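Take a look at the structure below.
All values derive from a computational prediction rather than experimental measurement. Note that ligands are numbered from 1 as they come in the structure, with each ligand's atoms numbered from 1 the same way.
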Amino acid sequence: MRLILLGPPGAGKGTQAKLMEKDYRIPQISTGDILREAVTAGSTLGVLANSFMRKGSLVPDEVVIEVIKERLARPEYARGYLLDGFPRTLAQAEALDRALGLAGSRIELVLSLVVDEEELVQRLAGRRVCERCTEVFHLSFRPPRATGLCDRCGGPLVQREDDREETIRRRLQVYKSETAPLIDYYRQRGKLREVSATGDPDAVKGRIDQVLRGSFGL
Ligand code: AP5
Ligand code: MG
């Protein structure tokens, strides 16, 4: 399966990708995670990416497209993948289609996660991530067992730099102007499936399962 998880910041792309990875053994490729790793490593890519990410702006298309092309060529993705956070602009979607076309492959389905804006802000403002293993929590919706510590590895929980209120608003604006047009792009190509992403994560996953059963007979 070659799938895209499309949705605004806070829609639950990362949360659902982790659940799907486990159930379907389909590896997640998150451009946000890749770029954050580069920032932590202090690489040239990381320094460049951080100058955009900390403001809630998109990293330039040509940079992200190169990153994703390099990933998709790796053998572990030969049998499929779940794209989380890519593509995010029309130019990225077109570059992806071109690159896959040349390799004789294509995206099969795009799951578009739908959540109200007010709920998105709540989800992002309350999100905490483990600094060590990147597990994602929420102060109200998925609180850790011990305050400030990761359930999985005991690492410290921190707030993402771009989860501050002003930056959240900027990210939501950028989503509307740059990424939301992809909904029509994929609808016109018959690949879009909309999934309501409110309710608890398992309920959302149940809806995704239904769509995948309908489309792939899983
Ligand atoms: P990225 O890391 O992709 O961030 P994003 O798209 O803003 O999305 P998030 O990761 O914030 O949200 P999510 O949908 O994964 O939600 P999550 O599951 O964590 O990108 C970050 C930055 O990198 C961009 O701003 C840009 O600068 C750069 N970048 C990345 N890709 C790029 C690209 N292709 N081109 C250019 N630049 C790029 O959930 C959120 C919270 O809600 C969590 O606390 C979670 O526990 C909670 N939650 C999840 N599901 C539910 C539920 N059903 N009910 C209640 N709470 C829930
Ligand atoms: Mg994410």
Heavy atom of the protein closest to [atom] (residue, atom name, distance):
atom                    : value
atom 31 (N) of ligand 1 : Thr31 OG1, 2.8 Å
atom 42 (O) of ligand 1 : Arg123 CB, 3.3 Å
atom 29 (N) of ligand 1 : Leu35 CD1, 3.6 Å
atom 43 (C) of ligand 1 : Val136 CG1, 3.5 Å
atom 44 (O) of ligand 1 : Phe137 O, 2.8 Å
atom 16 (O) of ligand 1 : Gly12 N, 3.2 Å
atom 4 (O) of ligand 1  : Arg160 NH2, 3.2 Å
atom 15 (O) of ligand 1 : Gly14 N, 2.9 Å

Would you indicate whether the side-chain heavy atoms of [Y] and [X] approach each other to under 4.5 Å?
X      : Y      : result
Glu94  : Arg98  : yes
Ser215 : Arg193 : yes
Thr198 : Asp116 : no
Ile34  : Phe86  : no

**Asked** For the residue pair His138 and Phe141, does the interplanar ring angle fall in the parallel (under 30°), tilted (30 to 60°) or perpendicular (over 60°) class?
**Response** parallel
Return yes when atom [atom1] of [X] has more than 12 non-hydrogen atoms of other residues, nucleotides or ligands closer than 6.0 Å, and no otherwise.
X      : atom1 : answer
Glu166 : CD    : no
Arg189 : CZ    : yes
Glu70  : CD    : yes

**Worked verdict on Met20 versus Met1 for side-chain contact (heavy atoms from CB on, under 4.5 Å)** = CA-CA 11 Å; Met20 293 168 74; Met1 284 192 281; over 6 Å; no
Are any of the N/O atoms in [X] less than 3.5 Å from those in ligand 1?
X      : answer
Gly10  : yes
Asp200 : no
Thr198 : no
Leu58  : no
Gln92  : yes
Gly7   : no
Ala11  : yes
Gly126 : no

**Item:** Note: Asp202-Lys205 ion pair, threshold 4.0 Å (strictly below)
**Value:** no
Evaluating non-hydrogen atoms only, which member of [options] is closest to [atom]?
atom                    : options                      : answer
atom 2 (O) of ligand 1  : Arg36, Glu135, Arg171        : Arg36
atom 27 (O) of ligand 1 : Pro60, Gly199, Ser57         : Ser57
atom 1 (P) of ligand 1  : Arg54, Arg88, Lys13, Met53   : Arg88
atom 37 (N) of ligand 1 : Val59, Val63, Val39          : Val59
atom 9 (P) of ligand 1  : Arg127, Gln16, Glu178        : Arg127
atom 56 (N) of ligand 1 : Phe141, Phe86, Tyr175, Phe52 : Phe141

**Message:** What's the separation between atom CG in Leu139 and atom CD in Gln122, rounded to the nearest 0.5 Å?
**Reply:** 11.5 Å
**Asked** Should you measure from each heavy atom of Leu124, which atoms of ligand 1 turn up under 4.0 Å away?
**Response** 11 (O)
**Complete:** Under 4.0 Å from one or more heavy atoms of Thr15, ligand 1 contributes atoms 17 (P), 18 (O), 39 (O), 45 (C), 49 (C)
**Message:** Would you say Ile29 ends up clustered with Val110 if hydrophobic residues are merged whenever their side chains have heavy atoms under 4.5 Å apart, either directly or through other cluster members?
**Reply:** yes
Output side-chain donor-acceptor pairs under 3.5 Å for residues 45-54, partner residues at least two apart or in another chain, one line each.
| from | atom 1 | to | atom 2 | distance (Å) |
| --- | --- | --- | --- | --- |
| Ser51 | OG | Leu48 | O | 2.6 |

**Message:** Using every non-hydrogen atom in the two residues, find where Leu113 and Ala197 come nearest and quote the distance to one decimal.
**Reply:** CB-CB, 3.8 Å
